[in-house]
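Notes follow once the structure below has been shown.
Numbers restart at 1 for each chain; the letters A, B, ... are given by sequence-line order, proteins then strands.
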Number of protein chains: 2
Amino acid sequence: MFFSIDADGDVPIYEQIVRQVKLAVADGILVGGQMVPSVRQLAGELAINSNTIARAYQELQSDRVLESLRGRGMIVRRDAIKRCTKARNSLVADGVRRALADALSGGMTAEELRELFEAELERQSAMAEQSKLASGNGAS
Amino acid sequence: MFFSIDADGDVPIYEQIVRQVKLAVADGILVGGQMVPSVRQLAGELAINSNTIARAYQELQSDRVLESLRGRGMIVRRDAIKRCTKARNSLVADGVRRALADALSGGMTAEELRELFEAELERQSAMAEQSKLASGNGAS
DNA sequence: AGTGGTGTACCATGACACGGGTACACCGAT
DNA sequence: ATCGGTGTACCCGTGTCATGGTACACCACT
């Protein structure tokens, strides 16, 4: 229910979990004090080994996003949103940086880049809006 | 002289070679019919095993960017620039797509995104211009 | 003919990441 | 005390990457 995993992709599964959890915290979907699904439950939902989930949670614990309550579960730290928004900014900045480096190194024009960026931004903004409306309809 | 390799990065070395060759062709630095350094020479310059270079060249041959002249070396195919510009467009489009997906999924505003994009574009454009001038001074 | 250059094809090795399996220590509720 | 749930620590199989070594077929040049 929470996350979408691409097991065939080149990015490790545990890293996808880490990224999506951080983005969810930055977006406000996951708030401080809230419990996250247990490793076995999430592993069952995603058809993934528990160890992979545990590894992701451990990394999130090292990054001070989650907090472990032994024997009970893991919760989102109250001050996690600060770090997560910061991490999100660094993440997209790095992505934009790399894409721009490739584009300019390949002789792409700044104007072509702006056009591509605006087109993609409009497309994904529309998609995000539509998905938001769909989830809103689910409650009616 | 030609390429810059980051052996400690997460991207494989042979893939870095492939990417940089394609971008160089797309930019016009490598033109059709031109010879590329031999596997042993490039391996010596970059302090990399010949097998790794050979693997990159094989992939470039599979992608119809290079052509093998047995016993002589490898040259850039005449029609490679078409494919390389196309590959470059796909590459940066994917990068922008992923960065935007992360940003919107993390609750980033479209305005913040535009600002970040423009700032990074200006910065890297300035750097590219400066490096171009530096290489121009080298011939004087 | 001989020599040195080229790409190509193997095989073996070591390091590392990833994912899966199993067992352990802890907690809360019955 | 017992049981079901939790996180956590280990071990192992697999695949990828880079490296090293060797050998082959081909070409250009002397």
Worksheet item: Within the structure shown, what part of the strands sits under 4.0 Å from Q61(A) by heavy-atom distance: base, sugar-phosphate, or nothing?
Response: sugar-phosphate

Practice prompt. Quickly work out the L42(A) CG to dG20(C) P distance and round it to whole Å.
Written response: 13 Å

Response to the item:
From CG of L46(A) across to P of dG20(C) the rounded distance in Å is 11 Å

Discussion item. Could you tell me how far apart I53(A) (CD1) and dC18(C) (P) are, to the nearest whole angstrom?
Written reply: 14 Å

Worksheet item: Counting heavy atoms not belonging to E115(A), are there more than 12 under 6.0 Å from its CD?
Response: no

Practice prompt. Run the salt-bridge test on D79(B) and R64(B) with the 4.0 Å N-O cut-off and return the result as yes or no.
Written response: no

Worksheet item: Between R19(A) and D102(B), is there a side-chain N and carboxylate O pair less than 4.0 Å apart?
Response: yes

Worksheet entry | Salt bridge present between R97(B) and D94(B) (N-O < 4.0 angstrom) | yes

Practice prompt. List in numerical order all residues of residues 68-75 of chain A for which some heavy atom is under 4.0 Å away from an atom belonging to DNA chain C.
Written response: R70(A), G71(A), R72(A)

Item to complete: Using atom CG of N49(B) as one end and atom C1' of dC10(C) as the other, report the distance to the nearest whole Å.
Response: 14 Å

Practice prompt. For N51(B) and for R55(B), locate the closest nucleotide of DNA chain D by heavy-atom distance; then report the residue assigned to the nucleotide nearer the 5' terminus.
Written response: R55(B)

Item to complete: Could you tell me whether the phosphate oxygens of dG5(C), OP1 or OP2, come under 4.0 Å of any side-chain nitrogen or oxygen in S38(B)?
Response: no

Worksheet item: Quick one: ring pair (Phe, Tyr, Trp, His ring centres under 6.0 Å) partners of F117(B), sequence neighbours excluded?
Response: F117(A)

Worksheet entry | CA sep, side-chain torsions, deciding dist, call: R88(A), D27(A), salt bridge (Lys or Arg N to Asp or Glu O under 4.0 Å) | CA-CA 10 Å; R88(A) 157 176 66 86; D27(A) 193 24; over 6 Å; no

Worksheet entry | Interatomic distance where CG belongs to D6(A) and P belongs to dG19(C) [whole Å] | 11 Å

Worksheet item: Hey, does Y57(B) have a side-chain heavy atom less than 4.5 Å from the side chain of P37(B)?
Response: yes

Worksheet entry | Sole candidate of I5(A), L30(A), V25(A) that passes side-chain contact (heavy atoms from CB on, under 4.5 Å) when paired with Q20(A) | I5(A)

Fill in: Distance in angstrom units between Q58(B) CD and dC10(C) C1', rounded
11 Å

Worksheet item: Is it true that R78(B) and E67(B) make a salt bridge, defined as a side-chain N closer than 4.0 Å to a carboxylate O?
Response: no

Response to the item:
Contact span of DNA chain D against chain B, any nucleotide atom under 4.0 Å from a heavy atom, 5' to 3', runs dC17(D) to dA28(D)

Worksheet item: More 5' along DNA chain C: V36(B) or R40(A), using each one's nearest nucleotide?
Response: V36(B)

